[in-house]
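Only heavy atoms go into these numbers, but all of them, side chains included; no hydrogens, no water, no symmetry mates.
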Amino acid sequence: MNFGDKMIKIGNIEIKSKVVLAPMAGISNPAYIKICEEMGVGYAITELLSAEAIVRNNKKTFDMLKGIDKINIPVAVQIFGSNPSTMAEASSILVRDYNIKIIDINMGCPVPKVALKNEAGSGLLRNLDKIYEIISKVKEAVDVPVTVKIRSGWDQKSINAVEVAKICESAGVSAITIHPRTRNQGYSGKADWNIIKEVKESVSIPVIGNGDITDIYKAKEMLDTTKCDLIMIGRGLLGNPWLIKEINAYLEKGIILNKPTSKEKIDMCLKHLDYLSKIKPEKLVCLEIRSHIAWYLKGIQGGKNIKEKIYATNNLCDIISILNKFKEELL
């Protein structure tokens, strides 16, 4: 049962847990990464940042990195774009000015604005020459590990994950993440884990499997069936960062931990609120925490009413008061 014997490295950087936090837009910011770090995640990738915005010194984009220096686990900053020179320059800025230790290139985002309009994200899966050129340029620009995240292909008729993975490896990436859904699938349907297995068998660099991990059993099943090196979780952690701790305990010791109590979930809401307030202005904190509170309180009796009260205010003190009062009522 012990999966902790073999230490995985991305380049020269050791990853000390099998669980990786996925890059989720609007979610995987330094506040959420800090929570996942405390739960035992081994490695995290930030929400995607525009390479063009970085090169143009866009303040809003750089604000998304505030607090990243407080994270102690390895963190990659994920960038997207289709211009090789711009991607290289953006990477150089991140490493030089923000001491970023890993650059991750997004080749999986299915959003039309990214994939179709800008031919970036999963749009790159249709241009293999450009994939090689982008990675090569970024590798020339920085002296830190470069990784990529891909999908299985553009659509069901063009599944090319193995071919793309081989190109990425030949261009010099240190690890590859595969989310085995096509761009056309988006987040629907079932992830085809067999594609992760095929990618793992085709390259010698670490492979991170992503898709449909919702509990400790799915986590072990992915590792067993695909032989991937690490597992990445995104939506499965929303409202449930405790899953990281549960997976680590199960994989390393065969222990099944108790589920968090309602009080622990409310305490996590308050902690998340506190961490966000240290990196974002109050208005943004109040907007962002709404979704998280809805996820944390899902299934708790009376949670829906609390959610509605929180959605009705833009005041941080009010939200804290509502949550604390709800916690007292539960005791």
Side-chain angles (χ1 to χ4, degrees), residues 21-39 41 43-80 90 93-94 97-104 106 109 111 113-114 233-235 237-242 244 265-298 303 306-324 326-327:
L21 173 64
M24 294 179 281
I27 294 167
S28 300
N29 54 42
Y32 193 61
I33 292 172
K34 192 68 185 170
I35 285 170
C36 292
E37 178 191 350
E38 291 171 2
M39 285 291 163
V41 85
Y43 171 47
I45 304 179
T46 67
E47 57 187 317
L48 75 175
L49 273 61
S50 162
E52 291 283 352
I54 291 168
V55 168
R56 291 174 186 165
N57 200 27
N58 180 276
K59 183 183 181 300
K60 210 171 178 181
T61 299
F62 286 114
D63 281 348
M64 292 162 79
L65 295 174
K66 191 176 179 185
I68 202 164
D69 57 324
K70 301 292 190 289
I71 310 294
N72 299 310
I73 57 165
V75 178
V77 171
Q78 186 178 80
I79 60 172
F80 76 93
I93 291 167
L94 289 169
D97 298 346
Y98 288 84
N99 198 28
I100 300 305
K101 297 291 194 291
I102 304 173
I103 298 293
D104 187 72
N106 182 301
C109 180
V111 177
K113 184 180 175 185
V114 174
I233 312 179
R235 290 174 295 161
L237 293 179
L238 298 179
N240 188 24
W242 295 272
I244 300 164
K265 289 181 178 181
I266 296 168
D267 284 340
M268 185 62 79
C269 291
L270 291 163
K271 178 186 277 192
H272 201 145
L273 199 59
D274 178 50
Y275 286 1
L276 277 174
S277 67
K278 288 173 180 170
I279 62 171
K280 297 193 177 193
E282 182 173 357
K283 186 179 178 184
L284 286 180
V285 171
C286 293
L287 289 172
E288 188 172 318
I289 200 64
R290 289 174 179 176
S291 296
H292 287 285
I293 287 174
W295 290 319
Y296 286 128
L297 300 186
K298 190 177 179 182
I306 298 303
K307 184 182 83 170
E308 287 170 359
K309 285 182 180 178
I310 286 166
Y311 274 49
T313 182
N314 286 314
N315 184 288
L316 204 54
C317 291
D318 286 349
I319 295 175
I320 293 168
S321 177
I322 291 165
L323 288 169
N324 278 321
F326 184 46
K327 186 167 72 167

Nearest-0.5 Å distance that lies between atom [atom1] in [X] and atom [atom2] in [Y]:
X	Y	atom1	atom2	answer
L316	L273	CG	CG	5.0 Å
I100	T46	CD1	OG1	7.5 Å
L323	I289	CG	CD1	8.0 Å
N324	I319	CG	CD1	12.0 Å
L49	D104	CG	CG	11.5 Å
C286	D318	SG	CG	8.5 Å

[Y] backbone acceptor or donor facing [X] side chain under 3.5 Å:
X	Y	answer
S28	A22	yes
N29	Y32	yes
E47	G26	yes
E37	I71	no

Please give me the minimum heavy-atom distance between [X] and [Y], naming the atom from each residue.
X	Y	result
P30	G67	CB-C, 3.7 Å
L276	V285	O-CG2, 3.6 Å
I244	V41	CG2-N, 3.3 Å
Y311	A294	OH-CB, 4.1 Å
Y43	A76	OH-CB, 3.3 Å
A25	L48	CB-CD2, 4.1 Å

**Request:** I would like to know whether K271 and D267 meet salt bridge (Lys or Arg N to Asp or Glu O under 4.0 Å); could you show each step before the answer?
**Result:** CA-CA 6 Å; K271 178 186 277 192; D267 284 340; over 6 Å; no
Please tell me if the side chains of [X] and [Y] come closer than 4.5 Å, counting only heavy atoms from C-beta onward.
X	Y	value
H292	I27	yes
S50	E52	yes
Y296	P241	yes

**Derivation of the side chain to side chain donor-acceptor pair (under 3.5 Å) call for K59 and N57** = CA-CA 6 Å; K59 183 183 181 300; N57 200 27; over 6 Å; no
**Request:** Please lay out, stage by stage, how I266 and I306 fare under the test side chain to side chain contact (heavy atoms under 4.5 Å, CB included).
**Result:** CA-CA 11 Å; I266 296 168; I306 298 303; over 6 Å; no
**Message:** For F62 and Y98, take the angle between the two ring planes, folded into 0 to 90°, and tell me which bin it lands in: parallel under 30, tilted 30 to 60, perpendicular over 60.
**Reply:** parallel
**Prompt:** Can D274 and K278 be counted as an ion pair, charged N to O under 4.0 angstrom?
**Reply:**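 Salt bridge: yes.
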**Message:** Which residue is it: E38, K70, K280? I am looking for the one with a side chain to side chain donor-acceptor pair (under 3.5 Å) to Y275.
**Reply:**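 Only one of E38, K70, K280 forms a side chain to side chain donor-acceptor pair (under 3.5 Å) with Y275, namely E38.
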**Request:** Give the C-alpha distance, both sets of side-chain angles, the deciding distance and a yes or no for side chain to side chain contact (heavy atoms under 4.5 Å, CB included) between M39 and M268.
**Result:** CA-CA 11 Å; M39 285 291 163; M268 185 62 79; 3.2 Å; yes
